Amino acid sequence: MTAGSSKNERYNAREAEARWQKVWADRKIFETRNDDTRPKYYVLEMFPYPSGRVHMGHVRNYTMGDVVARFKRATGNAVLHPMGWDAFGMPAENAAIDRKVHPQTWTYDNIVAMKRQLQSMGLSLDWAREIATCDPAYYKHQQKMFLDFLKAGLVERKQSKVNWDPVDQTVLANEQVIDGRGWRSGAVVEQRELTQWFFKISDYSEDLLEALDRLKRWPDKVRLMQKNWIGRSEGLLLRFALDPATTPNKENELEIFTTRSDTLFGAKFMALSPDHPLAQAAAAKNSRLAAFIEQCHHMGTAQADIDTAEKLGFDTGIRAVHPFDATWKLPVYVANFIVMDYGTGAIFGCPAHDQRDLDFVNKYGLGNTPVVCPPGQDPKTFVITDVAYDGDGRMINSRFLDGMTIKEAEEEVARRLEKDIRGNSPVAQRHVNYRLRDWGISRQRYWGCPIPIIHCETCGALPVPEEDLPVTLPEDVSFDKPGNPLDRHPTWKKVKCPKCSGPARRETDTMDTFVDSSWYFARFTDPWIKTAPTDRKIVDEWLPVDQYIGGIEHAILHLLYSRFFTRAMRKTRHIDMDEPFAGLFTQGMVVHETYQAKNGDWVEPANVRIEGTGDDRRAMLASTGEPLEIGSIEKMSKSKKNTVDPDDIIAAYGADTARWFMLSDSPPDRDVIWTEEGVQGAWRFVQRLWRLVGEIAETAAPARRPVAFSEQAVTVRKAAHRALAHVSEDIDKLRFNRCVAHIYEFANALSDAIGKIERAPAGDLCWALREACGILVRLFHPMMPHLAEECWATLGHKSLVATESWPQVEAELLVESKITLPVQINGKKRADVTVARDAGKSDIEAAVLALDAVKKVLDGRSPKKVIVVPQRIVNVVI
RNA sequence: GCGGACGUGGCGGAACGGUAGACGCAAGGGACUUAAAAUCCCUUGGGAAAUUUUCCCGUGAGGGUUCGAUUCCCUCCGUCCGCACCA
């Protein structure tokens with residue numbers, strides 16, 4: 001290629017990008033060896049679901065990862081940067097239902113299409129390590145780990161309440177229930193009790209919580225979200241005695257969990273969840289109660305329903321005994337606002353200090369007694385009517401607790417009741433309760449990893465023998481009926497019991513797809529190993545992932561599951577660490593304006609023509625000129641049709657332009673607005689760099705480094721090394737938008753300097769420009785790798801810039817011998833002063849006081865104070 | 001309701017407590033051109049004087065700490081996000 005030789009020639013991104021991609025692939029320069037001895041660096045972007053098309057969110061995500069990968073390679077690391085496919089999931093089955101195509105065919109076709117798209121972006125990925133989670137070579141190991149977890153006591157089979165879609169006949173995840181209806185079928189979701197497989201993530205509640213503090217390179221936001229999700233609260237488990245005469249089956253106690261044991265003397269009632277066993281037992285003997293419970297089950301689960309729902313209760317007739325007063329009887333209600341899966345599903349109600357309890361007693365006329373008096377309030381006049389008091393204060397109306405603080409009272413209650421033994425155990429026990437629930441992984445779906453279990457009438461649920469793994473999915477399945485095709489397959493589930501050889505059946509549920517993505521990062525370290533999920537020596541070398549990049553939408557589920565899985569893999573000796581991701585970065589979304597026609601239809605940006613600017617800006621349908629309404633800027637989505645196809649952008653401008661724009665406009669953790677103007681700006685800069693490098697390559701620079709540099713040459717060299725220092729730091733801290741700004745500044749400085757070549761015949765300026773240009777190309781290489789290769793070749797290099805090392809900063813170029821300090825008078829800038837860099841405070845002060853501007857203001861007086869911050873600022877206080 | 005983040009020109013956004021508005025986009029003016037595109041140069045927070053320039057105001061609002069606050073603290077307003085009958 002003859003690059004940039006003609007100043008009018010444009011850079012042909014299409015042609016050059018394909019050419020360089022082929023060179024990289026042919027030379028396998030992005031393949032990583034496990035025996036590389038350089039310091040390791042593992043950079044990973046959340047792998048995509050193979051939906052069939054790469055979207056702009058992918059482009060943003062993978063560009064960021066690629067910048068880091070290329071930078072780390074240049075700075076001397078052995079970089080692992082792999083890519084794979086999160087390939088199981090519902091869309092494949094939906095495609096099978098809608099289009100009569102097999103999920104496997106659909107998925108693999110999509111993978112082919114998306115891989116081509118990713119390759120057109122010029123990402124420095126090691127494709128030799130590509131994995132797909134739907135490949136038996138992958139899920140075989142997942143099944144093995146399921147069995148290992150089972151053996152280690154980390155898997156449990158239990159009844160649980162699930163969201164059941166009666167039309168699609170499957171369990172739905174909570175996120176798939178929208179306003180109480182199945183997201184796909186629109187059917188009202190039912191609550192069903194099903195036997196399901198669970199991973200015991202709650203065994204690690206405390207560990208997962210406590211370790212968050214050590215994830216220093218995670219966003220605070222994500223750590224906080226996980227902390228809240230795990231939801232630790234300290235309190236008391238308290239067993240209330242029941243009056244046996246009032247209970248349905250002579251039950252004699254009721255256990256509750258409370259975080260406010262201090263308010264025990266304000267108790268007015270007990271309340272049970274409608275699903276509480278005692279409520280169920282009572283309902284069996286009371287049809288009106290049974291009807292009430294039924295009514296509770298039909299209460300809407302949508303947010304609006306919960307907000308407006310009245311607190312309803314039903315007195316069971318059961319009476320509980322106050323733990324400090326055997327004569328004090330409390331009525332036991334079933335109440336619609338008590339949930340079964342938190343604490344014990346039962347509470348004692350202290351209305352004065354809990355708003356829900358107060359609403360409840362006000363409805364049923366049970367009254368309230370305040371037991372915490374706010375500071376400054378007279379306990380005699382302190383009453384509660386409609387608003388519960390949940391603040392601090394001193395105990396009142398509480399017998400031996402009176403006068404104590406809340407904390408003291410809690411301590412006293414615990415101390416007394418811990419000693420109080422009923423049966424074999426204390427009445428109260430300090431308890432840490434977590435909101436985190438065990439992870440139900442059973443899905444009544446075909447396109448997922450089969451759960452390797454065999455059910456035998458006589459022997460129970462047994463693991464599939466290891467030598468029979470993988471349990472593969474049958475290919476001859478039909479999707480013409482709703483429900484799970486595995487369950488109605490004629491032969492697949494019929495097997496012999498591995499223990500008694502009698503007739504048995506396979507588990508037909510498959511695993512939640514979040515299981516697949518909970519360990520893929522470990523598999524990348526040695527995807528070739530056939531005998532085990534991981535090679536212990538290799539996986540422990542590569543992990544943890546040094547920089548993980550993905551969307552904030554995974555802040556809880558995927559990231560929490562992966563943290564659990566790593567711990568479980570450690571327990572089962574597949575890995576030797578707890579935390580999979582040392583550094584996490586959550587990038588913002590790609591958003592775009594929306595366009596809507598008169599009839600309400602949304603219109604794709606590709607079909608919109610924009611005219612005018614500012615207030616005069618109008619959108620119209622490109623084909624007919626029909627005016628369109630310009631709507632709000634929103635996340636690119638199919639529903640609003642405000643998507644831009646990466647293929648179109650790459651075809652029109654090239655991958656480098658798309659990559660550059662993605663990095664340039666907004667800080668990487670914020671949303672970026674995709675605009676045509678912005679892309680064109682990026683494209684112009686690509687062309688500008690191309691011309692700039694071409695011009696500099698044409699100059700007659702001396703072959704040898706000049707002994708001395710003119711002022712102009714020094715200016716160029718300083719600009720280069722300053723840019724180098726900034727860009728290095730900014731990439732390291734993932735501040736890509738600032739990298740971009742510094743590269744613009746640097747390019748501007750070079751453009752200015754080129755204009756001065758004719759006045760600098762000595763050649764040292766040309767030499768400096770040539771040096772600076774080499775730095776420039778290496779600086780923008782991580783962001784625009786194809787253009788960088790093309791420019792690198794233009795500068796006469798035979799090597800690939802992708803394998804070049806990062807330039808070294810010449811530190812002495814960053815320090816100025818003379819510096820200009822701003823001079824403030826009373827905090828407002830009034831002048832500048834230029835002094836030697838290492839000038840002492842007194843010298844600077846003298847120089848400042850000699851300034852005309854300062855003298856004028858002082859007018860003969862002497863200043864109150866002169867503050868000199870060396871190398872920063874001077875402030876004269878009058 | 002609880003928790004968190006954010007608020008800077010026409011727009012995206014810069015700014016270890018130290019010259020507010022880097023860099024980009026958009027806009028205006030000019031050069032080149034038969035013309036357009038491309039490119040290059042200049043201007044661009046608001047206001048007031050003015051020849052070089054000078055001064056005042058300005059980072060959601062109000063207070064505070066400081067020689068000095070976009071940055072730290074308090075109160076309020078607004079926007080966004082997460083969680084939620086969680087006992």
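Worth knowing before you read on, the calculation uses all heavy atoms, side chains too, and leaves out hydrogens, waters and symmetry mates. Letters go in sequence order (proteins before strands), and every chain restarts at 1. What you are looking at is a predicted structure, and each value in this text was computed from that prediction instead of being measured.
A salt bridge between A/Glu845 and A/Lys841 is absent, with no side-chain N of the basic residue lying under 4.0 Å from a carboxylate O of the acidic one. Electrostatic pairing of A/Glu206 and A/Arg232 counts as a salt bridge here, judged by a charged N lying under 4.0 Å from a carboxylate O.
Atom name P, nucleotides B/rC16 and B/rA22: the rounded distance is 15 Å, in whole Å. Across B/rU75 and B/rA20, the matching P atoms stand 29 Å from one another, rounded to whole Å. With P as the reference atom, B/rG46 and B/rG9 are 12 Å apart, rounded to whole Å. Of the P atoms belonging to B/rU53 and B/rC67, the separation is 34 Å, rounded to the nearest Å. Rounded to whole Å, the P atom of B/rC40 lies 38 Å from the corresponding atom of B/rA50.
Using a 4.0 Å heavy-atom criterion, one finds that A/Ser664 contacts no nucleic acid atom at all. Using a 4.0 Å heavy-atom criterion, one finds that A/Ile867 contacts the bases of the nucleic acid, with or without backbone contacts as well. Contact annotation for A/Val877: backbone-only contact, meaning every heavy-atom pair under 4.0 Å involves sugar-phosphate atoms and none involves a base.
Look at B/rG18: its Watson-Crick or wobble partner, with both distances under 3.5 angstrom, is B/rC67. When both distances must be under 3.5 Å, the Watson-Crick or G-U wobble mate of B/rG12 is B/rC23. Across all strands shown, B/rU39 forms a Watson-Crick or G-U wobble pair with B/rA31, both key distances being under 3.5 Å. Taking a pair to require two hydrogen-bonding distances under 3.5 Å in either a Watson-Crick or a G-U wobble arrangement, B/rC83 pairs with B/rG1. With a cut-off of 3.5 Å on both Watson-Crick or G-U wobble distances, the partner of B/rC55 is given as B/rG47.
The nearest whole Å value for the distance from the CG atom in A/Leu272 to the C1' atom in B/rC85 is 16 Å. In this structure, A/Phe685 places its CZ atom 13 Å from P of B/rU39, rounding to the nearest Å. For the pair A/Ile873 CD1 and B/rU19 P, the interatomic distance rounds to 5 Å; values are reported in whole Å.
At the phosphate of B/rG24, OP1 or OP2 sits under 4.0 Å from a side-chain N or O atom of A/Asn748. One finds a side-chain N or O of A/Arg830 lying less than 4.0 angstrom from the OP1 or OP2 phosphate oxygen of B/rC56. Distances shown here put a side-chain N or O of A/Lys828 below 4.0 Å from the OP1 or OP2 atom of B/rC57. The shortest distance between the side-chain N/O atoms of A/Asn737 and the OP1/OP2 oxygens of B/rA14 is below 4.0 Å. A close approach under 4.0 Å does not occur between any side-chain nitrogen or oxygen of A/Tyr744 and OP1 or OP2 of B/rG24. The phosphate of B/rA5 (OP1 or OP2) has no side-chain N or O of A/Lys221 nearer than 4.0 angstrom. Close to B/rC85, at under 4.0 Å from its OP1 or OP2, lies no side-chain N or O of A/Arg435. Residue A/Arg872 places none of its side-chain N or O atoms closer than 4.0 Å to OP1 or OP2 of B/rG68.
Relative orientation of the A/Tyr342 and A/Phe257 rings is perpendicular, given thresholds of 30° and 60° on the angle between their planes.
Taking the syn range as angles within 90° of 0, the glycosidic angle of B/rG9 is syn.
Closest-nucleotide positions on RNA chain B for A/Gly827 and A/Met225 were compared, and the one nearer the 5' end corresponds to A/Gly827. Checking A/Glu745 against A/Ala682, the closest nucleotide of RNA chain B that is more toward the 5' end is the one next to A/Glu745.
With rounding to the nearest 0.5 Å, the separation of NE2 in A/His276 from CD1 in A/Ile293 is 11.5 Å.
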Checklist line | Derivation of the salt bridge (charged side-chain N to carboxylate O under 4.0 Å, His left out) call for A/Lys635 and A/Glu553 | finding: CA-CA 13 Å; A/Lys635 180 184 182 176; A/Glu553 66 273 18; 5.4 Å; no
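For A/Gln355 against B/rG1, a side-chain-to-base donor-acceptor contact under 3.5 Å is absent. Within 3.5 Å, a donor on the side chain of A/Lys311 pairs with an acceptor on the base of B/rC85, or the reverse.
Side-chain polar atoms of A/Asn642 and A/Thr594 form no donor-acceptor pair below 3.5 angstrom.
Among B/rA22, B/rC55, B/rG12, the nucleotide with an atom closest to any side-chain atom of A/Ala741 is B/rA22.
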